[in-house]
Amino acid sequence: MMQEQITQYTTEINTFHPDSAAELEAFRIRFLGTKGLIKDLFDQFKTVSPEEKRTLGKTLNEFKQLAETKYQSLKEQLETQPEKTALKDDLTLPGEGFQLGSRHPLSLVRNEIIDIFKRLGFIIAEGPEIEDDWHNFSALNFPEEHPARDMQDTFFISKKSPADSGEAAGDIALRTHTSSVQVRMMEAGKPPFRAIMPGRVYRNEAISARAHCFFHQVEGLYVDENVSFADLKQTLYHFVLELYGEGTKVRFRPSYFPFTEPSAEMDVSCSICKGAGCQMCKYSGWVEILGCGMVDPNVLENCGIDPEKYTGFAFGMGIERITNLKYQIRDLRLFSENDIRFLKQFQTEIS
Ligand code: PHE
């Protein structure tokens with residue numbers, strides 16, 4: 001009988017976690033008080049048979065000790081954290097504030113770009129940031145030792161050694177554009193391809209307000225039978241209207257990229273001054289936002305695609321540039337400094 005009671009009380013003591021000094025005091029009175037349970041058990045003990053006394057005596061003393069030690073340690077705990085106890089007791093105090101995070105402006109704009117192209121049926125493709133020479137340059141029609149490679153100041157990771165041969169001979173570098181993902185995609189599959197490639201790219205530039213050693217791109221590729229420059233223009237025009245709104249104008253200027261022929265750069269009418277001229281567009285009314293062109297037949301061939309049967313267009317844009325225009329940000333360094341005063345200006349609902 002007594003044994004059962006002790007077992008039950010032991011469990012109660014072991015699982016006791018008071019939230020306040022008042023609860024601990026109630027515990028003390030219940031177990032250790034002058035009219036408490038332990039006093040009660042010792043009274044009962046006087047009446048048990050002598051053989052029972054031998055075993056019960058030890059159990060009872062151990063139980064008393066358990067209750068006392070538990071009480072002492074809880075008391076010390078509550079004394080060393082008085083403010084916590086006080087806070088828990090005072091239910092009228094206001095709750096602690098809860099700070100919601102916000103999306104980085106580059107993520108917001110990237111997601112917006114992705115959404116527009118997704119609606120046109122483009123899928124998302126990704127690839128490695130550490131890339132070999134073939135995927136970043138050679139397959140894209142950059143001739144060996146040609147100054148065209150200097151167009152994109154490259155961070156090389158390993159240098160070509162004369163002993164290397166075949167595929168292993170390629171230099172390893174941080175990718176300078178996500179066109180490398182286009183090569184990987186074309187090598188791995190069969191046309192048609194309709195995909196965009198968002199990702200971080202690296203160029204060896206001194207960090208300033210206008211340049212950084214890494215930035216973010218979204219490139220795109222569309223390869224199928226009978227894809228023409230008209231398709232390229234219409235797709236990009238639609239994209240611009242979705243991004244900057246109806247009434248935005250576009251113009252294409254001839255340009256050069258090793259991997260496209262013909263190549264162009266696309267300007268949009270300045271979304272800030274609406275073409276009237278401002279600092280952002282250097283008073284020209286136009287801002288360049290992307291490079292594009294028809295995929296060079298050599299590139300298709302390098303990726304195992306028959307250029308007699310298939311044609312395609314490609315484009316590439318910097319997310320930072322588009323974000324700068326959208327939010328009138330004039331210093332690229334703000335994007336990577338993690339200054340909360342800058343970042344919290346783009347408060348949006350996290351979804
Ligand atoms: N890869 C080019 C760059 O990084 C952009 C581009 C992509 C241009 C596709 C034309 C076609 O500058």
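Starting from 1, each residue takes its place in the sequence as its number. Whatever order the structure lists ligands and atoms in, that order sets their numbers, starting from 1.
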Q: Would you sort out whether Tyr222 and Phe315 count as a side-chain contact (heavy atoms from CB on, under 4.5 Å), showing the intermediate values?
A: CA-CA 9 Å; Tyr222 186 7; Phe315 56 88; over 6 Å; no

Q: Got an N/O contact under 3.5 Å between Thr260 and ligand 1?
A: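 No, since none of the N or O atoms of Thr260 sits under 3.5 Å from an N or O of ligand 1.
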
Q: May I ask you to check whether Tyr202 and Phe215 place their ring centres under 6.0 Å from each other?
A: no

Q: Output yes when the distance from some N or O of ligand 1 to some N or O of Gln182 is under 3.5 Å, and no in every other case.
A: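 No.
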
Q: Is ligand 1 under 4.0 Å from a heavy atom in the side chain of Arg203, in the backbone, in both, or in neither?
A: side chain

Q: Do Gln217 and His177 meet the criterion of a side-chain donor-acceptor pair at a distance under 3.5 Å?
A: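 The answer is no; no qualifying pair exists.
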
Q: Can you name the atoms of ligand 1, numbered from 1 with element, that are less than 4.0 Å from a heavy atom of Cys292?
A: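 Heavy-atom distances to Cys292 below 4.0 Å select 8 (C), 10 (C), 11 (C).
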
Q: Taking only heavy atoms of Ser179, which atoms of ligand 1 are found under 4.0 Å from at least one of them?
A: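 Checking each atom against Ser179, I get 1 (N).
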
Q: For the rings on Phe27 and Phe16, is their centre-to-centre separation under 6.0 Å?
A: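 Close enough - the centres of the two rings lie under 6.0 Å apart.
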
Q: Any N/O of Thr176 closer than 3.5 Å to an N/O of ligand 1?
A: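 N/O-N/O distance below 3.5 Å does not exist for this pair.
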
Q: Between Asp267 and Arg251, does any side-chain N to carboxylate O distance fall below 4.0 Å?
A: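 Looking at Asp267 and Arg251, the cut-off is met.
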
Q: Of the backbone atoms (N, CA, C, O) and the side-chain heavy atoms from C-beta on, which set of Ala314 has a member under 4.0 Å from an atom of ligand 1: side chain, backbone, both, or neither?
A: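 Ala314 to ligand 1: contacts from backbone and side chain alike.
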
Q: With a cut-off of under 6.0 Å to the ring centre and 45° to the axis, is Lys64 in cation-pi contact with Phe42?
A: yes

Q: For ligand 1, is any non-hydrogen atom under 4.0 Å from Phe315's backbone (N, CA, C, O), its side chain (CB onward), both, or neither?
A: backbone

Q: Please list, in number order, the atoms of ligand 1 under 4.0 Å from a heavy atom of Gln217.
A: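 Once the distances to Gln217 are compared, the set is 3 (C), 4 (O).
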
Q: Give the atoms of ligand 1, by number and element, whose distance to some non-hydrogen atom of Phe259 is under 4.0 Å.
A: 1 (N), 2 (C), 6 (C), 7 (C), 8 (C), 9 (C), 10 (C), 11 (C)

Q: May I ask you to decide whether Arg184 forms a salt bridge with Glu131, counting only side-chain N to carboxylate O separations under 4.0 Å?
A: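 Looking at Arg184 and Glu131, the cut-off is met.
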
